[in-house]
Amino acid sequence: VRTDRLPLTRTIPTGLTMNKEQINIHLAADIGEELVELQIGNHMTWEDREDGSEGFTDEAQDIFNDIYDIILTQLNKRYHD
């Protein structure tokens, strides 16, 4: 499981400026998360962790990684400087 791409709940402080790369990363993660939930259902997407946090199931993580890569690649192709 690649935890470097695990979609965590993100709170972006008011007034924070993000560059296009950061925006693309957040957008790809948000869209990917929604598509995983749509594809396998909310109940199959999330699991409770021992530390009390919530994260993707192994199946959801694998699907998310594939979707995230596709979305981010396309965003970077179309919306780069």
Side-chain angles (χ1 to χ4, degrees):
V1 176
R2 291 194 54 179
T3 58
D4 60 324
R5 291 191 275 180
L6 196 85
L8 303 173
T9 302
R10 291 173 298 280
T11 303
I12 300 173
T14 304
L16 178 67
T17 303
M18 295 191 325
N19 63 35
K20 287 181 184 180
E21 181 181 346
Q22 292 168 318
I23 292 169
N24 286 350
I25 290 168
H26 284 275
L27 185 56
D30 289 342
I31 293 170
E33 183 177 318
E34 293 293 325
L35 290 173
V36 170
E37 288 177 347
L38 179 66
Q39 185 169 346
I40 64 173
N42 196 35
H43 64 286
M44 297 292 292
T45 301
W46 301 103
E47 65 184 358
D48 293 325
R49 303 270 167 91
E50 289 181 17
D51 66 0
S53 66
E54 184 178 60
F56 274 159
T57 62
D58 289 340
E59 178 185 8
Q61 185 68 58
D62 290 342
I63 294 168
F64 174 83
N65 289 348
D66 292 340
I67 291 172
Y68 175 87
D69 287 340
I70 292 167
I71 295 169
L72 188 59
T73 297
Q74 292 303 312
L75 287 171
N76 287 335
K77 281 183 184 178
R78 287 169 172 58
Y79 302 107
H80 66 282
D81 289 329

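Closest approach of I40 to H43, counting heavy atoms only: O-CE1, 4.3 Å. Residues G32 and F64 share a closest heavy-atom pair of C-CD1, 3.8 Å.
The main-chain N or O of M44 is found under 3.5 Å from a side-chain atom of T57 such that the two form a donor-acceptor pair. At distances below 3.5 Å, at least one donor-acceptor pair connects side-chain atoms of Q22 with backbone N or O atoms of N19.
Y68 and L27 fall within a single hydrophobic cluster, where Ile, Leu, Val, Met, Phe, Trp and Tyr side chains are chained together by heavy-atom contacts under 4.5 Å.
Rounded to the nearest 0.5 Å, atoms CD1 (I25) and CD (E21) are 4.5 Å apart. Here CG of L75 is found 6.0 Å from CD1 of I31. Values are rounded to the nearest 0.5 Å. Between F56 atom CZ and R49 atom CZ the span is 9.5 Å, to the nearest 0.5 Å. How far CG of D66 is from CD of Q61: 10.5 Å, rounded to the nearest 0.5 Å. Between the CD atom of E54 and the OG1 atom of T45 there is a distance of 9.5 Å, given to the nearest 0.5 Å. In this structure, the separation between OG1 on T73 and CZ on R78 is 10.5 Å, given to the nearest 0.5 Å.
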